[in-house]
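To keep things clear, I will list the structure first and then write my remarks on it.
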Amino acid sequence: MKKIVLIMIVLMSLCSCGKKEIYPDFTIDFLDVGKADSMVLRTENGTVVIDCGEKGDGKEIISLLEENGIESVDYLIVTHYDKDHVGGVAKVINNIEVKNVLAPDYEEESPEMEKYHKALETKNITPVLLTEDISFTLDGVDYTVYAPQKDFYGEDNDNDFSLVTKAVYHDTTMLFTGDAMEQRLSEIMDVGKCNLLKVPYHARKLDNSEEFISKVCPEYAVACTSEEEFSNNTKNLLEKYKVQYYATCYNGRITAVSNGNEISFTTEK
C-alpha cells in the first residue's frame, strides 16, 4: 500500500512538473481612434493610460474606464505633443482622477496643448517632464519609461521626443514606442526583446525599422493607424519576421490579455 501511495505521489509530481502558474489578467486595450494612439493598460488594482488620441477621443477612454469600474488612473503617459496623441488628454484629466502625468521635456504650442495645460492647472497636477528614464511597479507590472536622449532632433521633428514604455508582466514583455522615428529608434535599439510591440509611428516606413524589429523580436505587433498610413514596407517586414500583427484600421478596438505566460487577443472586427 505504501508503495502504491509513493508511486501516486511521484506520478502527480511528474504531471505538475513544467506547469506554469497562471496570473491575474493584465489587459491592454488599443482604442480605435483612427491615425492616433490611445491605449489603456490595466490590472485589477492598477491603470496606466498611454496617449489619448485626438480632440474628442478622450470620451472613449472615459467610457472604457467606467465600463470596467475604474475610478482613477495611476499614470497618464503623454508620449509627445502631437494632436493625435495629446488631443484627448484634457478630457481625461478633467473627468477622472489622474494621480501622475509623465511627459517629455520640450515645448509645443497648439490649441490642444493649451487645453492640456489648463486641465493640469485646474486639477493642480504637475507633470513629471522626463529627462532621464524612470521605473515603477504597479500591481505586479514592472514599467520602465525611456526618456529621449537629446534636447533637439531637428526642426519640426517632435516625434523623436516620444517617451517609450516597456511593461514586463512575469514572462511577457510589452513595448510601446509612440511615434519614434529613425533617431529615436536608434536610441532604443538595445531595449531588449518583447512579446508585443506597438508599432512605432503609425506603421509608416522608417529606414531602420528592419534593424529594430530584428532586435526586439516581437511575437505580436499592433499598429494604431489608418489604411493610408499603414506602409506596405512595414507589413512586409512583419511578415518576413513572422510577427502576427493587428491594426486598428482593420480590426477596430484590439484587446491583448497577458496571463503572465502568454498573450491572447480579441478584436472588435
Side-chain angles (χ1 to χ4, degrees), residues 28 30 33-39 41 48-54 75-87 89 102-108 128-135 143-168 173-218 220-226 229-231 233-238 241 243 245-248:
I28 304 101
F30 299 85
V33 290
K35 186 205 71 67
D37 278 11
S38 182
M39 291 151 283
L41 291 63
V48 173
V49 173
I50 302 178
D51 290 333
C52 300
E54 296 196 32
Y75 286 86
L76 171 55
I77 300 172
V78 182
T79 62
H80 64 298
Y81 302 142
D82 280 357
K83 67 179 183 179
D84 55 337
H85 295 256
V86 75
V89 171
L102 306 180
D105 188 15
Y106 75 99
E107 295 182 358
E108 179 72 25
V128 178
L129 303 180
L130 296 189
T131 56
E132 296 181 353
D133 303 343
I134 187 172
S135 297
Y143 291 90
T144 302
V145 184
Y146 297 92
Q149 297 177 13
K150 300 179 182 179
D151 55 16
F152 182 72
Y153 288 95
E155 291 292 338
D156 300 322
N157 177 21
D158 59 352
N159 287 327
D160 280 327
F161 282 105
S162 289
L163 299 183
V164 172
T165 301
K166 180 165 70 174
V168 179
T173 299
M174 285 60 70
L175 187 62
F176 306 87
T177 54
D179 274 3
M181 294 176 64
E182 284 89 352
Q183 294 182 77
R184 189 74 175 109
L185 288 185
S186 293
E187 293 178 353
I188 59 169
M189 278 291 172
D190 297 324
V191 72
K193 294 181 179 180
C194 67
N195 301 95
L196 169 59
L197 171 68
K198 201 292 292 187
V199 182
Y201 195 32
H202 308 293
R204 290 187 174 113
K205 180 181 178 181
L206 297 169
D207 291 342
N208 53 356
S209 285
E210 180 164 11
E211 182 184 2
F212 181 68
I213 290 171
S214 71
K215 287 199 170 188
V216 298
C217 299
Y220 308 100
V222 174
C224 300
T225 190
S226 64
E229 303 293 336
F230 200 164
S231 162
N233 178 267
T234 302
K235 293 177 188 176
N236 292 337
L237 282 176
L238 294 172
Y241 286 91
V243 181
Y245 67 84
Y246 302 84
T248 53

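The analysis underlying the following values was restricted to heavy atoms, covering all of them including side chains, and did not include hydrogens, waters or symmetry mates. Computed from a prediction, not measured in an experiment: that's the story for all the values here.
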(message) Using only atom types and a distance under 3.5 Å, with no angle test, would you say the side chain of D133 pairs donor to acceptor with the backbone of A147?
(response) yes
(message) Taking A203's backbone N and O only, do any of them form a donor-acceptor pair with T234's side chain (distance below 3.5 Å, no angle check)?
(response) yes
(request) Spell out, as yes or no, whether a donor-acceptor pair under 3.5 Å connects the side chain of Y106 to the backbone of Y81. (result) yes
(request) Compute whether any side-chain donor of one residue and acceptor of the other, for E210 and Y241, lie under 3.5 angstrom apart. (result) yes
(message) The criterion is salt bridge (charged side-chain N to carboxylate O under 4.0 Å, His left out); which residues satisfy it with D37, sequence neighbours excluded?
(response) K198
(request) Evaluate the side-chain contact (heavy atoms from CB on, under 4.5 Å) criterion for residues Y143 and K166: first the C-alpha distance (whole Å), next the side-chain angles of each, then the deciding distance (0.1 Å), finally the verdict. (result) CA-CA 6 Å; Y143 291 90; K166 180 165 70 174; over 6 Å; no
(request) Please report the C-alpha distance between F212 and T177 in whole Å, then the side-chain angles of each, then the deciding distance to 0.1 Å, and finally whether the side-chain contact (heavy atoms from CB on, under 4.5 Å) criterion is met. (result) CA-CA 11 Å; F212 181 68; T177 54; 4.2 Å; yes
(message) side-chain contact (heavy atoms from CB on, under 4.5 Å) for H80 and N159? Distances and angles first, verdict last.
(response) CA-CA 7 Å; H80 64 298; N159 287 327; 3.3 Å; yes
(request) Return the set of residues passing ring pair (Phe, Tyr, Trp, His ring centres under 6.0 Å) with Y153 (not counting sequence neighbours), or none when no residue passes. (result) F161
(message) To the closest 0.5 Å, what do you measure between CD1 (I50) and OG1 (T79)?
(response) 8.5 Å
(request) Rounded to the nearest 0.5 Å, what's the gap from CZ on F30 to OG1 on T248? Could you check? (result) 10.0 Å
(request) Mark yes or no: K235 above the aromatic ring of F230, with NZ or CZ under 6.0 Å from the six-membered ring centre and no more than 45 degrees from the axis. (result) yes
(message) I need the L206 CG to M181 CE distance, nearest 0.5 Å.
(response) 6.0 Å
(message) Could you measure the distance from the OH atom of Y245 to the CG atom of L237? Nearest 0.5 Å is fine.
(response) 11.0 Å
(request) Measure the spacing between CD of E54 and CG of D82 and express it to the nearest 0.5 Å. (result) 10.0 Å
(request) Assess whether side-chain contact (heavy atoms from CB on, under 4.5 Å) is satisfied between E108 and V86, documenting all intermediate values. (result) CA-CA 11 Å; E108 179 72 25; V86 75; over 6 Å; no
(message) Ignoring hydrogens, what is the shortest heavy-atom contact between Q149 and E187? Give both atom names and the distance.
(response) N-OE1, 3.3 Å
(message) Please report the interatomic distance CD(E182) to OH(Y201), rounded to the nearest 0.5 Å.
(response) 8.5 Å
(request) Could you pull out the closest heavy-atom pair between S38 and G53, with the gap in Å? (result) CB-N, 3.9 Å
